[in-house]
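Taking it in order: structure first as structure tokens, then the write-up.
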Protein chains: 2
Amino acid sequence: MAKRRADGLSKEVIVRAAAAILDDGGEAALTFRALTARLSTGYGAIYHHVANKSDLLAAATDDVIARVVRGAVADAEPREALRTVALALFDAIDEHPWVGAQLSREPWRPALLEVYERIGSLLDALGVPERALFDAAGALVNYVLGVAGQNAANARLLTAEEADRSAFLASVSARWEALDPDEYPFVHKAAAHLREHDDRAQFLAGVDLFLAGIATLR
Amino acid sequence: MAKRRADGLSKEVIVRAAAAILDDGGEAALTFRALTARLSTGYGAIYHHVANKSDLLAAATDDVIARVVRGAVADAEPREALRTVALALFDAIDEHPWVGAQLSREPWRPALLEVYERIGSLLDALGVPERALFDAAGALVNYVLGVAGQNAANARLLTAEEADRSAFLASVSARWEALDPDEYPFVHKAAAHLREHDDRAQFLAGVDLFLAGIATLR
DNA sequence: ACCTGAACACCGTTCAAGT
DNA sequence: ACCTGAACACCGTTCAAGT
């Protein structure tokens with residue numbers, strides 16, 4: 001079972017290099033040319049370990065998600081554990097936006113199986129009736145992935161520094177505020193909240209709404 | 001205000017042609033070469049009306065979403081109206097999977113503004129306290145877009161006929177069933193439900209969970 | 001003002017040839 | 001068995017030239 005390592009390529013080495021490129025420069029930066037340069041090898045060497053680019057992206061995503069799901073501490077209280085797992089996923093995807101984009105593009109991957117298992121059994125432990133368990137798990141996982149995708153898109157939009165973020169939010173907020181309050185009453189009011197809102201807190205608020213809804217099923 | 005139409009291009013004509021190509025052949029089919037062929041014109045003519053491919057995709061998405069939001073009947077009862085709008089979005093994205101992919105890639109678009117307005121003011125009408133209104137609207141929109149993205153990914157996976165769908169679900173289900181029930185208790189149990197689950201019904205169940213959670217805020 | 005299409009600078013992927 | 005890198009078939013986008 002000993003794998004050769006010191007020299008020679010392996011899928012693991014390639015996947016890690018791809019993840020590093022994705023973290024540095026985003027999805028556009030991951031090309032086979034960049035990868036061969038970084039690993040000082042040829043195209044064929046990479047294709048020998050990896051089927052194609054899509055396979056490579058999927059493997060890198062599985063890697064990140066598996067680490068998160070394994071790493072999340074097993075809290076005693078299921079409700080708290082659910083919030084912890086959800087937040088861990090949120091933070092991982094915030095740190096690696098390409099994971100969010102990939103997850104909303106390729107479901108049914110091994111990585112998501114782990115996520116479903118974790119969230120599903122926590123909901124079970126929470127006392128959700130079996131009849132509603134699968135819908136509830138599906139909804140919660142979809143919510144987490146949905147926010148993940150949006151967050152990834154935002155991160156891609158704001159590739160630059162932190163100052164850009166508030167400038168961007170301020171400009172969207174100003175645009176919303178300028179709308180006719182009769183035609184857009186909600187968005188007009190929401191503009192103020194947008195400027196100072198915290199993505200992470202809003203994400204958790206959504207999880208809590210879900211859990212509150214689920215609690216009514218008991 | 002009269003626009004020339006009989007001959008000559010316009011952004012509208014280009015966007016409609018792009019939508020038709022996307023509906024027919026998916027995202028991979030939309031190339032500027034295919035577009036020039038369909039419109040029997042040159043690249044420059046298209047670039048004269050459209051900034052780039054990303055702009056074109058965004059405009060086509062806005063078009064579809066705007067039609068859905070405008071088209072959804074204004075139900076008297078806000079709870080029922082929310083379910084109607086959510087289902088209308090689900091169905092539109094099921095019919096045009098590329099819209100789902102685009103929405104999870106480019107938020108803050110005019111199209112989403114309409115969605116936020118509609119969902120936000122319905123939640124307001126439902127009596128959600130102002131303090132929780134923006135988190136609730138954000139969570140619900142994110143849920144809808146999350147499912148949309150997943151659905152789009154599934155649709156892309158199952159480009160062929162309906163028979164493929166049940167065959168695919170059966171194979172995933174079999175893989176889940178084969179997992180060790182001690183290590184994967186939830187997924188193992190979920191396998192049976194997966195085979196016969198209805199995406200549309202599960203989506204609505206998620207919306208209802210949300211609304212139940214929101215009802216506890218009053 | 002609007003359109004044409006050759007040309008450019010990229011991609012992912014293949015494959016004959018090497019060790 | 002594993003690796004190399006020239007070559008192929010594509011892309012999006014530009015731009016000098018036309019009407």
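Note on naming: letters A, B, ... go to the chains in the order of the sequence lines (proteins, then strands), and numbering restarts at 1 for each one.
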> In the strands shown, is C:dC15 matched to any nucleotide by a Watson-Crick or G-U wobble pair with both distances under 3.5 Å, and which?
Replying inline: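 Here C:dC15 is engaged in a pair, and the nucleotide opposite it is D:dG5.
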In whole Å, I'd like the distance from the [atom1] atom of [X] to the [atom2] atom of [N].
{"X": "B:Lys53", "N": "D:dC11", "atom1": "NZ", "atom2": "C1'", "result": "8 Å"}
{"X": "B:Lys11", "N": "C:dA1", "atom1": "NZ", "atom2": "P", "result": "19 Å"}
{"X": "A:Leu35", "N": "C:dT13", "atom1": "CG", "atom2": "P", "result": "12 Å"}
{"X": "A:Tyr47", "N": "C:dC15", "atom1": "OH", "atom2": "P", "result": "12 Å"}
{"X": "A:Glu27", "N": "C:dC11", "atom1": "CD", "atom2": "P", "result": "15 Å"}
{"X": "A:Phe32", "N": "C:dT14", "atom1": "CZ", "atom2": "C1'", "result": "12 Å"}
{"X": "A:Leu57", "N": "C:dG12", "atom1": "CG", "atom2": "P", "result": "10 Å"}

> Is any side-chain heavy atom of A:Asp23 closer than 4.5 Å to a side-chain heavy atom of A:Trp98?
Replying inline: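 Yes. Closest side-chain heavy atoms under 4.5 Å.
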> Heavy atoms, side chains only, cut-off 4.5 Å: are A:Glu117 and B:Pro185 in contact?
Replying inline: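 Contact flag for A:Glu117/B:Pro185 side chains = yes.
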Can you tell which of [options] lies closest to the side chain of [X]?
{"X": "B:Ala45", "options": "C:dT14, D:dC3, C:dC3", "result": "C:dC3"}
{"X": "A:Arg33", "options": "C:dG12, D:dC3, D:dT14", "result": "C:dG12"}
{"X": "A:Asn52", "options": "D:dT4, D:dG12, C:dT13", "result": "C:dT13"}

> Heavy atoms under 4.0 Å, any strand shown: does B:Leu56 hit a base, just sugar-phosphate, or nothing?
Replying inline: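 Counting heavy atoms under 4.0 Å across all strands, no contact is made by B:Leu56.
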At under 4.0 Å, does any side-chain N or O of [X] touch on OP1 or OP2 of [N]?
{"X": "A:His49", "N": "D:dC3", "answer": "yes"}
{"X": "A:Tyr43", "N": "D:dG5", "answer": "no"}
{"X": "B:His48", "N": "C:dT4", "answer": "no"}

> Aromatic rings B:Tyr47 and B:Phe32: how do their planes relate, parallel, tilted or perpendicular, breaks at 30° and 60°?
Replying inline: parallel
> What is the ring orientation for A:Phe210 with B:Phe210, classed by angle as parallel under 30°, tilted 30 to 60°, or perpendicular over 60°?
Replying inline: tilted
>> Judged by each residue's nearest nucleotide on DNA chain C, which is more toward the 5′ side, A:Gly44 or A:Leu30?
In response: A:Leu30
> Quick one: on DNA chain D, does B:Thr31 or A:Gly42 contact a more 5' nucleotide (nearest heavy atom)?
Replying inline: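 Its nearest nucleotide being more 5', the pick is A:Gly42.
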>> Applying salt bridge (charged side-chain N to carboxylate O under 4.0 Å, His left out) to A:Arg67 and A:Glu95, what does each step give before you reach the verdict?
In response: CA-CA 13 Å; A:Arg67 251 199 304 268; A:Glu95 207 178 338; over 6 Å; no
